[in-house]
Amino acid sequence: MRIGRTLPPAAAPLSVQEVLSGVAALFAGKRAVERFEAELRQHYAVPHAFLLSSGQAALAVILTALKRDRPGRDEVLIPAYTCYSVPAAVVRAGLRVRPCDIDPRTLDFDWERLEEALQGGRVLCAVATHLFGVPADVGRLKAAAARYGVAVVEDAAQAMGGEVNGSKVGTLGDVALFSLGRGKGLCTVSGGIILAGSGPVGSAIENIVATLPREGWGDALKALCYALALVVLVRPSLFWLPRALPFLGLGETVFNPGFALKRLGAFQAGLARGWREKLLRLREARLRHATFLERAGVAAAVPLHGAVPDLVRFPVLVGDPAQRARLIEMSAEQGLGVAAVYPEAVTRIPELQGALAGGAAPQAEQVARRIVSLPVHPLVTQRDLERIAALFRAEQGEQKGR
Ligand SMILES: *Cc1c(COP(=O)(O)O)cnc(C)c1O
């Protein structure tokens with residue numbers, strides 16, 4: 001166990017000021033939530049914005065709304081390498097997961113596999129995923145999906161501040177979600193956002209959201225305690241402490257369709273006060289750090305041309321699982337925040353065995369074993385970045401010398 005400066009793999013730090021703003025919002029109640037929703041509608045120029053208790057709750061609501069509109073279709077096409085919350089939300093909505101293999105060069109869909117997966121008439125929607133904040137090719141997915149009457153959901157959980165050709169990520173598909181959870185681009189402890197355009201899905205979502213309970217005082221108290229802990233413990237000087245406590249389960253990935261399905265509480269809406277300026281500041285720092293790593297010779301898993309990505313983590317594909325294990329071990333010794341990501345492809349999640357539509361996803365399974373993420377958040381210093389780059393250069397050199 002390391003005691004000393006340790007970087008979290010991702011962080012959007014909370015200030016004491018923001019926590020106070022959260023507490024003040026408790027007195028405004030649902031007006032604070034409505035205000036945040038109005039700001040989101042304005043910023044993203046969409047007719048509908050809804051705040052939910054988490055990103056996966058947001059996705060479950062979206063899928064339920066789509067299902068009501070198209071009762072004959074019961075499959076959701078998702079990338080075979082993604083956050084476990086995504087298949088969990090599909091199961092929660094009473095739908096079937098259809099993983100589609102990914103292209104290791106883009107981490108986006110393998111387009112040949114996608115075309116096959118869309119056939120058969122059972123696919124309700126396909127989920128474009130901006131993994132790590134790297135923009136997915138939503139236009140290409142929309143074109144393919146349109147041929148089969150399939151809706152496109154944008155999973156922008158990790159990409160809230162991104163842009164593609166001048167359009168904001170979250171406005172590229174038929175309906176989108178962001179996450180406000182820990183480790184995402186903007187953090188209010190927990191929370192999820194739905195953005196919907198002017199089609200029928202927006203009003204269907206509105207009807208469902210109206211039936212959901214709001215987070216109560218118990219939820220607010222829990223979020224307040226968590227926020228206070230985050231203010232202090234996310235600092236690199238103290239992050240070794242939560243990391244050393246196994247019962248916190250930091251960095252663990254669990255598959256749990258039994259998550260809470262509620263509307264976001266006022267406390268979290270208050271924590272988000274000033275979110276537009278904060279998001280810009282965060283994106284600027286993350287991009288600057290990512291650019292430094294690239295210039296220092298660390299190759300990102302995905303080329304980043306033509307977009308202003310909002311990278312929450314810097315993804316790298318290393319040669320093999322043994323090399324990855326060495327890098328993570330050396331990083332842990334030095335507290336550099338290099339981390340493995342989701343442990344398995346969706347096709348390998350034990351709880352889903354026998355319940356999936358479609359076949360294997362060998363490329364996603366390879367990626368799961370070879371991917372690491374490097375921290376680029378604002379708590380990372382120049383010196384940290386130099387040490388991270390040196391670690392990767394040394395390892396690449398060793399690989400060549402072997
Ligand atoms: C985190 C995440 C989600 C779910 O968000 P939560 O707020 O954690 O429920 C969905 N999709 C992706 C790609 C994510 O990273």
Side-chain angles (χ1 to χ4, degrees), residues 9-12 50-63 76-93 97 99-100 102 107-109 125-136 138 152-162 169-170 173 175-195 212 215 219 222-223 226 230 249-265 268 271-272 302 309-313 315 339-346 349 364 367-368 371 373 377:
F50 308 97
L51 288 165
L52 281 298
S53 48
S54 68
Q56 54 190 342
L59 181 55
V61 167
I62 291 171
L63 297 176
V76 179
L77 189 57
I78 67 171
Y81 189 69
T82 188
C83 177
Y84 285 20
S85 301
V86 174
V90 175
V91 170
R92 180 62 177 267
V97 178
C100 174
I102 59 167
L107 305 181
D108 203 343
F109 288 114
C125 61
V127 182
T129 307
H130 309 294
L131 206 60
F132 308 109
V134 180
V138 183
V152 170
V153 177
E154 222 186 322
D155 181 350
Q158 303 184 13
M160 191 170 171
V169 162
V175 52
L177 68 122
F178 298 127
S179 168
L180 298 167
R182 214 171 44 80
K184 309 298 172 149
L186 184 77
C187 170
T188 62
V189 176
S190 58
I193 298 170
I194 299 175
L195 299 182
L212 295 178
E215 288 189 331
D219 298 307
K222 235 166 78 183
Y226 209 116
L230 273 183
L250 285 192
E252 270 173 31
T253 307
V254 290
F255 175 82
N256 171 27
F259 52 84
L261 202 51
K262 296 184 185 178
R263 302 171 76 171
L264 189 72
Q268 289 96 318
L271 275 185
V302 186
D310 186 10
L311 284 188
V312 293
R313 295 168 173 224
V341 197
Y342 315 120
E344 296 275 13
V346 173
I349 298 176
V367 166
I371 202 159
S373 82
H377 54 76

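Side-chain atoms are counted along with the backbone in the values below, which use heavy atoms only and exclude waters and symmetry mates. First listed ligand is number 1; within each ligand, the first listed atom is number 1.
Between S85 and ligand 1, not a single N/O pair is under 3.5 Å apart. Not a single N or O atom of L177, backbone or side chain, sits closer than 3.5 Å to an N or O atom of ligand 1. The shortest N or O to N or O distance between T82 and ligand 1 is not under 3.5 Å. In terms of N/O distances under 3.5 Å, ligand 1 is approached by D155.
Of all the heavy atoms of Y342, the ones lying under 4.0 Å from any atom of ligand 1 belong exclusively to the side chain. Residue-level proximity to ligand 1 for L59 is absent, since no heavy atom of it falls below 4.0 angstrom.
Between the OG atom in S53 and the CZ atom in R263 there is a gap of 11.0 Å [rounded to 0.5 Å]. Rounding to the nearest 0.5 angstrom, the gap separating the OH atom in Y226 from the CG atom in L271 is 13.0 Å. S85 contributes atom OG, which lies 7.5 Å from atom OH of Y342 (distance to the nearest 0.5 angstrom). Distance check: L180 CG to L51 CG gives 7.0 Å after rounding to the nearest 0.5 Å. Rounded to the nearest 0.5 Å, atoms SG (C83) and CG (L131) are 9.0 Å apart.
In terms of protein heavy atoms, atom 9 (O) of ligand 1 is closest to Q56 N, 2.8 Å. Here the heavy atom of the protein found nearest to atom 2 (C) of ligand 1 is K184 NZ, 2.5 Å.
With hydrogens and angles ignored, the 3.5 Å screen pairs a side-chain donor or acceptor of D310 with a backbone N or O of G161.
For ligand 1, the atoms lying closer than 4.0 Å to a non-hydrogen atom of G191 are 7 (O). Interface of S179 with ligand 1, defined as ligand atoms under 4.0 Å from a residue heavy atom, comprises 5 (O), 6 (P), 7 (O), 8 (O). Atoms of ligand 1 lying under 4.0 Å from any heavy atom of A157, numbered from 1 in the order shown and given with element: 2 (C), 3 (C), 10 (C), 11 (N), 12 (C), 14 (C). Atoms of ligand 1 lying under 4.0 Å from any heavy atom of Q158, numbered from 1 in the order shown and given with element: 13 (C), 14 (C), 15 (O).
The cationic group of R92 lies under 6.0 Å from the six-membered ring centre of F259 and within 45° of the ring axis, placing it in a cation-pi geometry.
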task: Please test E154 against H130 for side-chain hydrogen bond (donor to acceptor under 3.5 Å, both in side chains), starting from the C-alpha separation and ending with a verdict.
output: CA-CA 8 Å; E154 222 186 322; H130 309 294; 2.8 Å; yes
